[in-house]
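Counting starts at 1 for both ligands and their atoms, in listed order.
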Amino acid sequence: MRVSLAEAIALLKRGEAVAIPTETVYGLAADASNDAALQKIYALKQRPANNPLIIHISGADQVTQFAADFTPLAQKMAHAFWPGPFTLVLKSKPEVSQVVRAHTDTVALRVPNHPVSLQLLKESHLALAAPSANRYTQLSPTTADHVEAGLGADVPVLDGGACHVGIESTIVSVEGDTWQLLRHGMIAAAQIEAVAGKPAIQNPTQVPKAPGQHLLHYSPRTPSLLFQHRTDLLKYAQQHGNCVALLIGGNTIKETTTSNLMHIISLSNHPEQAAMHLYEALHKLDQLKADAILIELPPATESWAAILDRLTRAGYRENT
Ligand code: TXA
Ligand code: MG
C-alpha cells in the first residue's frame, strides 16, 4: 500500500512500521526509540531477535545521542562518507533500546543519501531503525514493487523510485583508533583506508561479525548456481535446459532470450552500474520460475568485492 510522506510520518509516530526508500535498498523503518514498533519490524521480516538493526539519522550531529564514543577516527569517516552507503558500528550509550541493538553493546548508525528518506528523517524528528525491507534471507528490495511482492500488499510503502546504489551499505566498526570491515559495500575498503590513514584490523579471530551475514542471505527462491567461467555455465545450460542466466560484462543492462530459449540478463562491466541493477535482475530471473539461475561471477578484484560477496551468498558454487 503506497503512502505519502505525511502519511508515513503519521504512521511512524504512531509506532507503525513503514517501508522507505534509501539509496542502497528499501528499508523497513520504525521509530528507533519505540520497542513495540521495533518488534513489528522483527515480526514482519521474520528476523531472529539476535540480529541488530541499523539506526538511520539525518546527520552526524545526532551520533552522540546514540554512541558512547564518537572517536576522531569515526568522525573522519562520517565526514567523508555521509550521507551515503556507509554504516558505522560504535560503542552504544546504555540508554539506546536493547531491541534495536539486539542486546549487543554497540549501535549501528547511518545517514542515508536519498532525498526522500532525508526529508522524512528531518520532518519527523525521528531516528529510524531500518533493516532491508525483505523477509529474512530473501533478496533485498530496490523498488516499491519488490517490497510489496516480498512483504505483502498491506505493508505501507513510501515510494521513492528505484534505489541508485542497489546493494546494502558498507559496515565498519570503529573502536578507539582502529577499524574493521564487517560487510562489503560500494564504499570499498581502499577508500576507507585512505580516509582512516591506516588499514583495517585483519586478525580474523578478533573480527566481530555483523550477525545477519550467514551464507543463505540475499537468496532468490530459485536455486542459484555460481560459475567462474562462462564456458562452464553454457555447458551446464545445454545439459540441463530450463535455466536462466545472469551474466556480467555487457556494456549495459540487457535482456535477451537465446535460441534454446534461455532468458539472459547481462549486467554492465562497471561495478557501480552492475550493483544498481543486481537485485532487480535477480528478482526478475527468480520470477521466471526456472529450474536454476546460472550466475557468472565477476573477477575477484577490489572494485567487485561487494557484488561478489552478495552473489556468493545468493548461490552455491558449481564446478569452479
Ligand atoms: O544499506 C543498508 O545498510 C540497508 C538500508 C535500509 O539502510 N540496511 C540493511 O540492514 O542492510 P540489514 O538489517 O538488512 O543489515 C544490517 C546488518 C545486519 O547484518 C546486522 O547484523 C548488522 O548490520 N548490524 C546491525 N547492528 C549491528 C551492530 N551493532 N553490530 C554489528 N552488526 C550490526
Ligand atoms: Mg538485509
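- The shortest N or O to N or O distance between T106 and ligand 1 is under 3.5 Å.
- By the 6.0 Å contact criterion, CZ on R2 is enclosed, its count of non-hydrogen atoms from other residues, nucleotides or ligands being greater than 12.
- Residue S140 does not count as close to the Mg ion (ligand 2), with no N, O or S atom under 2.8 Å.
- Ligand 1 has a nitrogen or oxygen under 3.5 angstrom from a nitrogen or oxygen of S132.
- In this structure, Y236 and H240 have parallel ring planes: the angle between them is below the 30° cut-off, well short of the 60° mark.
- Nearest to atom 11 (O) of ligand 1 by heavy atom, out of M186, K45, R110, R183, is R183.
- Listed by first and then second residue, the ring pair (Phe, Tyr, Trp, His ring centres under 6.0 Å) pairs that reach into residues 12-46 come to none, sequence neighbours excluded.
- Contacts between H56 and ligand 1 below 4.0 angstrom, taking non-hydrogen atoms only, involve the side chain exclusively.
- Residue pairs meeting the side-chain hydrogen bond (donor to acceptor under 3.5 Å, both in side chains) criterion with at least one member in residues 57-72, sequence neighbours excluded: S58-Q62.
- If you number the atoms of ligand 1 from 1 as listed, the ones under 4.0 Å from a heavy atom of S169 come out as 1 (O), 2 (C), 3 (O).
- Close contacts of ligand 1 with N51, meaning ligand atoms under 4.0 Å from a residue heavy atom, involve 18 (C), 20 (C), 21 (O).
- Of all the atoms in ligand 1, the ones that sit under 4.0 Å from a non-hydrogen atom of A108 are 25 (C), 26 (N), 27 (C), 29 (N).
- In the vicinity of T24, heavy-atom distances shorter than 4.0 Å reach the ligand 1 atoms 1 (O), 2 (C), 4 (C), 5 (C).
- You'll find the side chain of R135 stays beyond 4.5 Å of the side chain of R47, heavy atoms only.
- Within 6.0 Å of NZ on K235 lie no more than 12 heavy atoms contributed by other residues, nucleotides or ligands.
- For ligand 1 and P52, the ligand atoms under 4.0 Å from any heavy atom of the residue are 20 (C), 21 (O), 24 (N), 25 (C), 26 (N), 27 (C), 28 (C), 33 (C).
- Separation of atoms CD1 (I293) and OG1 (T222) is listed at 4.5 Å; rounding is to 0.5 Å.
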